[in-house]
Amino acid sequence: MKVVLIHTSPVSLNDLKALFKEIVPEVEMVNIIDDSLLEEVKKNNGLTPDIISRMCAYVQVADSMHPDLIFNQCSSVGEAFDLARQQVSCKTLKIDEPMAEEAIRLGKKIGVVATVASTMAPSSNLVRRTALKAGKDVEVREYLVNGALDILMAGDVDKHNALLISAIRKAEAENDVVVLAQGSMTAILPLLKETEKPVLTSPRLAVERVKKELGL
């Protein structure tokens with residue numbers, strides 16, 4: 001079986017490879033990476049027609065490989081992927097969809113933590129749409145650690161971690177469950193140690209969903 005992943009950054013690539021090897025080792029993992037997409041989203045603080053066009057093109061390229069599932073890795077372009085996935089008949093999955101479902105199952109007050117502004121709106125909107133679809137009433141609160149992703153990409157891991165932990169602790173105190181909006185934030189979990197409230201990240205939940213979708 002084959003899954004094609006569309007990435008806007010190599011940041012989560014190795015973590016996802018490890019999760020695929022652990023959870024679905026029998027699945028071939030093919031990666032399409034365009035790191036200009038995320039930069040364009042950040043520059044425009046959201047989607048542009050060019051981003052949507054390129055995402056549609058990448059989904060078409062992915063579909064030409066005859067995959068069993070097409071996987072979108074980046075929350076910032078999730079709403080572009082929603083449009084692109086309508087062009088194909090194979091299974092599709094956004095990395096944060098299973099996380100949003102788990103969040104609304106666990107609580108009504110949901111804190112969304114992001115380290116880049118362009119991720120906040122699509123991540124929060126996904127939680128709201130997921131709740132609406134499930135017939136649940138939720139309150140979504142946003143915690144933006146603006147610029148922290150740039151700090152991480154520049155190599156200052158300690159500063160990034162300190163800023164992120166501070167935001168997570170605040171969100172934890174004010175909500176039933178905390179959602180970390182980007183897959184790159186998974187590395188923070190060992191530093192958090194025990195938490196009073198659930199703190200969810202997307203990669204493992206998403207790959208477990210891949211296993212379920214493929215009937216493995």
Side-chain angles (χ1 to χ4, degrees), residues 1-24 27-42 46-47 51-63 65 67-88 90-103 112-127 130 148-150 152-153 179-189 200-214:
M1 304 191 89
K2 181 190 297 181
V3 174
V4 179
L5 295 89
I6 301 172
H7 305 255
T8 62
S9 163
V11 169
S12 301
L13 181 58
N14 288 335
D15 287 340
L16 284 168
K17 282 183 176 180
L19 287 169
F20 266 73
K21 185 175 181 180
E22 173 193 341
I23 298 168
V24 283
V27 173
E28 179 187 359
M29 180 183 178
V30 179
N31 298 286
I32 298 172
I33 304 174
D34 179 356
D35 58 5
S36 72
L37 280 171
L38 185 57
E39 290 305 314
E40 190 169 336
V41 173
K42 288 161 62 179
L47 300 178
I51 292 169
I52 294 170
S53 176
R54 296 216 302 282
M55 180 58 69
C56 289
Y58 290 136
V59 168
Q60 288 291 330
V61 169
D63 192 49
M65 300 180 196
D68 297 280
L69 185 142
I70 300 173
F71 183 112
N72 175 57
Q73 168 270 339
C74 181
S75 303
S76 289
V77 295
E79 291 173 347
F81 186 75
D82 284 334
L83 298 173
R85 73 201 309 188
Q86 297 176 32
Q87 305 173 28
V88 297
C90 74
K91 294 179 183 292
T92 60
L93 179 69
K94 295 196 296 187
I95 192 170
D96 45 6
E97 285 173 327
M99 179 175 65
E101 292 171 11
E102 181 68 0
V112 178
V113 181
T115 58
V116 57
S118 59
T119 303
M120 184 59 80
S123 296
S124 298
N125 289 340
L126 176 61
V127 173
T130 303
L149 182 61
D150 292 330
L152 177 64
M153 299 292 277
V179 166
L180 303 188
Q182 293 135 249
S184 60
M185 300 160 81
T186 303
I188 205 73
L189 293 181
L200 305 180
T201 58
S202 56
R204 178 172 292 277
L205 289 169
V207 179
E208 288 172 349
R209 178 63 59 84
V210 168
K211 183 175 182 177
K212 181 178 178 181
E213 288 289 330
L214 299 182

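Computed from a predicted structure; not experimentally measured.
A donor-acceptor distance shorter than 3.5 angstrom exists from the side chain of Gln73 to the backbone of Thr8, with no hydrogens or angles considered. One N or O on the side chain of Asp68 and one on the backbone of Lys2 form a donor-acceptor pair closer than 3.5 Å. Checking side-chain atoms of Gln182 against main-chain N and O of Thr115 turns up a donor-acceptor pair under 3.5 Å. Counting only distance, with no hydrogens or angles, the side chain of Lys94 and the backbone of Phe81 share no donor-acceptor pair below 3.5 Å. The backbone N or O of Ala181 sits less than 3.5 Å from a side-chain atom of Ser75, completing a donor-acceptor pair.
Heavy atoms only, all atoms of each residue included: Gly46 and Ile51 are closest at O-CD1, 3.9 Å. Annotation for Ala84 and Val59: closest pair CB-CG2, 3.5 Å, computed over non-hydrogen atoms. Minimum interatomic distance between Val179 and Ala103 (heavy atoms only, all atoms of both residues): CG2-CB, 3.6 Å. The heavy-atom pair separating Ser118 from Val41 by the smallest distance is CB-CG1, 3.1 Å. Of all heavy-atom pairs between Leu37 and Arg54, the closest is CD2-NH2, 3.4 Å. Across Ser202 and Met99, no two heavy atoms sit closer than the pair N-SD, 3.5 Å.
Side-chain contact check for Leu93 versus Pro98: some heavy-atom pair is nearer than 4.5 Å. Inter-residue side-chain proximity for Thr92 and Asn72 is flagged as unmet; no heavy-atom pair is nearer than 4.5 Å. Contact of the Val3 side chain with the Pro67 side chain is not registered, since no non-hydrogen atoms from C-beta on lie closer than 4.5 Å. Annotation: side chain of Leu5 is in contact with side chain of Met29 (closest heavy-atom distance under 4.5 Å). By the 4.5 Å heavy-atom criterion applied to side chains, Asp63 and Gln87 are not counted as neighbours.
Note that the SG atom of Cys74 and the CG atom of Asp34 stand 10.5 Å from one another [nearest 0.5 Å]. The CG atom of Leu69 lies 6.5 Å from the SG atom of Cys90; values are rounded to the nearest 0.5 Å. Atom-to-atom distance recorded for Leu180:CG and Ile188:CD1 is 8.5 Å, nearest 0.5 angstrom. Here CG of Leu200 is found 6.0 Å from CD of Glu102. Values are rounded to the nearest 0.5 Å. Distance check, rounded to the nearest 0.5 Å: CD of Glu97 to CG of Asp82 gives 7.0 Å. One finds the CD1 atom of Ile6 at 6.0 Å from the CD1 atom of Ile70 (value rounded to the nearest 0.5 Å).
Residues passing the salt bridge (charged side-chain N to carboxylate O under 4.0 Å, His left out) test with Glu213, sequence neighbours excluded: Lys91. By the side chain to side chain contact (heavy atoms under 4.5 Å, CB included) test, Ala100 is found to be paired with Leu126, Val127, Thr130, residues two or more places apart in sequence or in another chain being considered.
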Atom pairs and distances, donor-acceptor, side-chain atoms in residues 10-24, under 3.5 Å, two or more places apart:
from	atom 1	to	atom 2	distance (Å)
Glu22	OE1	Arg204	NH2	3.0
Glu22	OE2	Arg204	NH1	2.9

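Salt-bridge annotation for Glu208 and Lys211: absent, with no side-chain N of the basic residue lying under 4.0 Å from a carboxylate O of the acidic one.
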